[in-house]
Amino acid sequence: VINDSLGHPVGDELLVSISRRLQHRIRTGDTFARLGGDEFVVVMEALREPTDAASLAASLAEQLAEPFTTAEGAILYVSVSIGISLFPDNGQDAASLIRNADAAMYHAKEGGRGTYRFYTTSLTDAVNLRLELDTRLRGALEREEFILQYQAKYDPNGRITGAEALVRWQPSDRAMVPPNQFIPVAEDTGLIIPLGEWVLREACREARRWLDEGLGRLTVAVNVSNVQFRSRHLVDRVREILGETRLPPELLEIEITESAIMEPVQDAVLHLDGLRSLGVQLALDDFGTGYSSLAALKRLPLQVLKVDQSFVRGLPEDKSDEQIVRTIVTMAQNLGLTTTAEGVETPAQLSLLRSIGCNAFQGYLMAR
Ligand code: MG
Ligand code: MG
């Protein structure tokens, strides 16, 4: 339309302006090219996940939302439709990848201008869901949609010794979102930092309430995500929150995952020493599922190993699971650590774990 009404030179000028604008949004190292006519191609290398392509597509579309002014002062509006194909799922070579991106682009056009589509509808749906989750999650903290649930922990005599705080997201207008769906998104967007602080504060407040109500010296265990663990402010925050809630530090147990302590170990030692100096207990969560180096384990100021439920699930029938649990418990004892078994669901599991020498138990058998 522009070529026909304003002439080819204006059309060419517009194409140049468009490429300049889009160029700013392309990541360094990616390829941006004009295929012909009014079609452009972006090759994103080393894509972490499909969502990254969707984010770029959305940002490119946003770049073109503002009108263009030509040298002669004409104001031109353009819109964009974007199709995305992924290597290797949607094609093994350039030709098939471009062809499938093209097909996806026609779907995008049908869906209304200014949108993007993946080659497969299911991927488009999944990515849209994820991006929608992202948007909703950003406001969820202010809307007070998070809640904590507590799973009690028991000693071998069946007495409650404390509980693990588990965060849940309950949007006001729909079903509860499971943590494995929203925690990764919160980690990606950085929301995990304020969310993590909220969880810590709420859990400490609650444990203080248990103490005040005379329920005994119950510990509260709080899961700290890797992102939160690596943040410089964690130690200061924990100190502040303990002060604010007047919870005795030894009643707070911080659970970190194996991946948090991996890289680099010196940093993990530093952070853990900082936390430990506050007097809180430190537990290594989901032990045995990651890549804990035994050398690292020895250097870390931990008090508790949590035996992952994937080993508990097979008990008592699976003999290798039993051997693994025995080994973990023996090793923990030799290192001066206690063990907590999680995911205990049957009386047979409980009695076996008790005979092996686990110190604490949690799971649906005793308390949901
Ligand atoms: Mg945990
Ligand atoms: Mg766990």
Side-chain angles (χ1 to χ4, degrees), residues 146-155 160-169 176-184 186-187 192-193 195-204 206-207 218-230 234 238 241 251-262 268 271-272 275-276 280-292 297 300-315 321 324-325 328-329 331-332 337-346 349-350 353 356 358-368:
F146 293 105
I147 49 171
L148 288 187
Q149 293 184 336
Y150 296 88
Q151 185 174 54
K153 292 190 198 181
Y154 293 79
D155 72 8
I160 295 183
T161 58
E164 177 176 1
L166 300 161
V167 63
R168 300 287 181 255
W169 178 20
M176 195 171 306
V177 185
N180 59 3
Q181 269 181 35
F182 74 81
I183 295 289
E187 288 188 328
I192 196 74
I193 299 287
L195 174 60
E197 276 180 40
W198 179 85
V199 170
L200 259 169
R201 182 170 287 113
E202 280 301 305
C204 289
E206 181 70 18
L218 302 175
T219 60
V220 69
V222 175
N223 295 285
V224 165
S225 93
N226 296 358
V227 178
Q228 210 185 344
F229 180 68
R230 286 196 205 107
L234 181 64
V238 172
I241 289 169
L251 296 186
L252 173 63
E253 182 173 302
I254 290 185
E255 294 189 8
I256 55 163
T257 61
E258 286 188 311
S259 47
I261 61 164
M262 287 311 290
H271 285 173
L272 289 173
L275 289 170
R276 189 62 194 136
V280 304
Q281 307 280 320
L282 300 173
L284 194 53
D285 204 358
D286 308 331
F287 184 73
T289 57
Y291 304 91
S292 278
L297 207 55
L300 301 171
L302 299 166
Q303 284 72 53
V304 184
L305 284 190
K306 293 195 75 177
V307 181
D308 190 63
Q309 55 181 310
S310 57
F311 303 119
V312 174
R313 203 175 294 134
L315 302 182
D321 279 344
I324 289 171
V325 175
I328 293 175
V329 171
M331 182 189 65
L337 306 174
T338 66
T339 42
T340 301
E342 46 182 12
V344 182
E345 296 185 351
T346 68
Q349 289 171 345
L350 180 62
L353 288 162
I356 288 175
C358 277
N359 306 94
F361 313 89
Q362 64 183 95
Y364 280 12
L365 174 68
M366 292 82 75
R368 292 206 163 215

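For reference, positions follow the sequence shown, starting with 1. Just follow the structure's listing: the first ligand is 1, and inside any ligand the first atom is 1.
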Review point. Taking NZ, NE, NH1 and NH2 as the nitrogens, is one of them in Lys306 or Glu258 under 4.0 Å from a carboxylate oxygen of the other?
Key: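 Result for this pair is no, no salt bridge flagged.
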
Exercise for review: Look at Glu253 together with Lys153 and state whether they make a salt bridge at an N to O cut-off of under 4.0 Å.
Suggested key: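 Counted as a salt bridge, because a side-chain N and a carboxylate O are separated by less than 4.0 Å.
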
Review point. Can an N, O or S atom be found in Glu342 less than 2.8 Å away from the Mg ion (ligand 2)?
Key: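 Glu342 does place an N, O or S atom closer than 2.8 Å to the Mg ion (ligand 2).
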
Exercise for review: Please state whether the separation between the Mg ion (ligand 2) and some N/O/S atom of Asp308 is under 2.8 Å?
Suggested key: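 Of the N, O and S atoms in Asp308, none lies under 2.8 Å from the Mg ion (ligand 2), which means no.
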
Check your understanding: How about Glu164 and Gln151: does a side-chain donor come under 3.5 Å of a side-chain acceptor?
Key ->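 Short answer, no.
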
Review point. Looking only at side chains, do Thr257 and Asn226 share a donor and an acceptor under 3.5 Å apart?
Key: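 Asn226 and Thr257 do have a side-chain donor-acceptor pair below 3.5 Å.
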
Review point. Of all N/O/S atoms in Glu255, which lies nearest to the Mg ion (ligand 1)?
Key: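 The nearest such atom is OE1.
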
Review point. Taking just the N, O or S atoms of Asp285, which one is nearest to the Mg ion (ligand 1)?
Key: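 The Mg ion (ligand 1) is closest to the Asp285 atom OD2, counting only N, O or S.
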
Check your understanding: So, is Glu164 placed with an N/O/S atom under 2.8 Å from the Mg ion (ligand 1), counting both backbone and side chain?
Key ->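 Yes.
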
Point to revise | Residue Asp286 atom name (nearest to the Mg ion (ligand 2); N/O/S) | key: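 Of all N, O or S atoms in Asp286, the Mg ion (ligand 2) lies closest to OD1.
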
Practice item. Could you walk me through whether Asp155 and Thr161 pass the side-chain hydrogen bond (donor to acceptor under 3.5 Å, both in side chains) test, one step at a time? Key: CA-CA 6 Å; Asp155 72 8; Thr161 58; over 6 Å; no

